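All remarks here apply to the structure that follows.
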Amino acid sequence: MPRATTRPQPAGREPGAAPAAPLAPTPSQTIGPFFGYALPFPGGGQIAPAGHPDTVTVHGLVRDGTGAPVPDALLEFWQAGPDGSLTGAPGSLRRDPATGAVLGRDGVDFTGFGRVPTDADGRYVLRTLPATAPAGRPDAAPYLAVCVFARGLLHHLATRVYFPDHTTANAADPLLGQLPPERARTLLARADGPGRYRFDVQLQQTADGTHEETVFLAFR
């Protein structure tokens with residue numbers, strides 16, 4: 001006599017039980033900081049090809065809500081290429097095919113991506129090519145896109161760096177234009193020498209109002 005067979009059930013489910021509901025995405029969480037391990041890579045702050053005559057330096061300080069420097073933050077920078085292209089180029093995270101060790105950039109190609117940890121004093125330094133506006137966005141001013149990771153942040157923070165050299169373009173930029181002047185200033189780097197700009201990141205406004213929180217962006 002033929003015997004009835006049953007299809008195996010997934011572990012943890014009773015036969016005949018309703019299908020399990022889809023799992024919700026795992027929430028972001030901090031269990032570190034571990035940003036000093038594995039994430040930084042050789043030449044992470046050297047976006048400009050070696051010896052490029054147009055190289056500019058962007059540097060600054062990351063501070064918390066008390067005004068204290070954050071020594072274990074990690075900043076990622078993304079920017080359009082000199083022609084406004086957003087395609088970038090591979091090569092930032094090159095690895096040795098034999099050992100698997102991270103070699104970093106080849107020193108020739110502009111990849112448009114950088115990753116920089118802050119030092120013990122909460123400072124970072126980036127060397128890159130001058131910012132350009134993304135192609136197809138004639139209303140946008142040149143900027144660098146920034147992601148900030150730090151202890152205590154359940155989600156990374158996104159912001160931008162604009163530059164004082166582009167006064168007319170900054171005035172027409174759709175993001176800067178919708179901000180009150182005092183808030184827009186938190187996105188503006190300031191020149192502090194030939195080819196040098198300072199841009200500080202304030203994670204939260206200080207109680208005495210000395211340092212205003214940097215404008216952070218929400219993407220939907």
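Computed from a predicted structure; not experimentally measured.
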Shared ILVMFWY cluster between [X] and [Y], side chains joined below 4.5 angstrom?
X: Phe216; Y: Leu176; value: no
X: Leu86; Y: Phe219; value: no
X: Leu126; Y: Tyr143; value: no
X: Val148; Y: Tyr197; value: yes
X: Tyr162; Y: Leu144; value: no

Give a yes or no answer on whether the side chain of [X] reaches the backbone of [Y] with a donor-acceptor pair at less than 3.5 Å.
X: Thr118; Y: Val70; result: yes
X: Gln79; Y: Gly114; result: no
X: Thr132; Y: Gly81; result: yes
X: Thr159; Y: Val215; result: yes
X: Asn170; Y: Phe163; result: yes

>> Between Gln202 and Thr186, does the side-chain contact (heavy atoms from CB on, under 4.5 Å) criterion hold? Intermediate values first, please.
In response: CA-CA 9 Å; Gln202 184 66 38; Thr186 70; over 6 Å; no

Minimum heavy-atom distance between [X] and [Y], given as atom pair plus value:
X: Pro134; Y: Ala80; result: CA-CB, 4.2 Å
X: Gly122; Y: Pro69; result: CA-CB, 4.0 Å
X: Gln204; Y: Glu213; result: CA-OE1, 3.6 Å
X: Arg95; Y: Gly100; result: NH1-O, 2.6 Å
X: Ala191; Y: Pro164; result: N-CG, 4.1 Å
X: Leu203; Y: Ala150; result: CD1-CB, 4.4 Å

Only distances under 3.5 Å count here; give the side-chain donor-acceptor pairs of residues 102-111 to other protein atoms, sequence neighbours excluded, each with its distance to 0.1 Å.
unit_1, atom_1, unit_2, atom_2, d
Arg105, NE, Gly43, O, 3.0
Arg105, NE, Gln46, O, 2.7
Arg105, NH1, Ser92, OG, 3.1
Arg105, NH1, Thr111, OG1, 3.0
Arg105, NH1, Phe113, O, 2.9
Arg105, NH2, Gly43, O, 3.4
Arg105, NH2, Gly44, O, 3.0
Arg105, NH2, Phe113, O, 2.9
Asp106, OD1, Val108, N, 2.8
Asp106, OD1, Asp109, N, 3.0
Thr111, OG1, Ser92, OG, 2.7
Thr111, OG1, Phe113, N, 3.4

>> Evaluate Asp119 against Arg123 for salt bridge (charged side-chain N to carboxylate O under 4.0 Å, His left out), listing each step before the verdict.
In response: CA-CA 5 Å; Asp119 64 14; Arg123 298 186 179 279; 5.9 Å; no

Gap between atom [atom2] of [Y] and atom [atom1] of [X] - 0.5 Å precision:
X: Thr66; Y: Asp208; atom1: OG1; atom2: CG; answer: 10.0 Å
X: Arg160; Y: Leu217; atom1: CZ; atom2: CG; answer: 6.0 Å
X: Leu39; Y: Arg115; atom1: CG; atom2: CZ; answer: 5.5 Å
X: Arg190; Y: Leu188; atom1: CZ; atom2: CG; answer: 10.5 Å
X: His59; Y: Tyr124; atom1: NE2; atom2: OH; answer: 8.0 Å
X: Thr167; Y: Asp165; atom1: OG1; atom2: CG; answer: 8.0 Å

Under 4.5 Å between any side-chain heavy atoms of [X] and [Y], yes or no?
X: Leu129; Y: Ile47; result: no
X: Arg198; Y: Leu61; result: yes
X: Leu157; Y: Val201; result: no

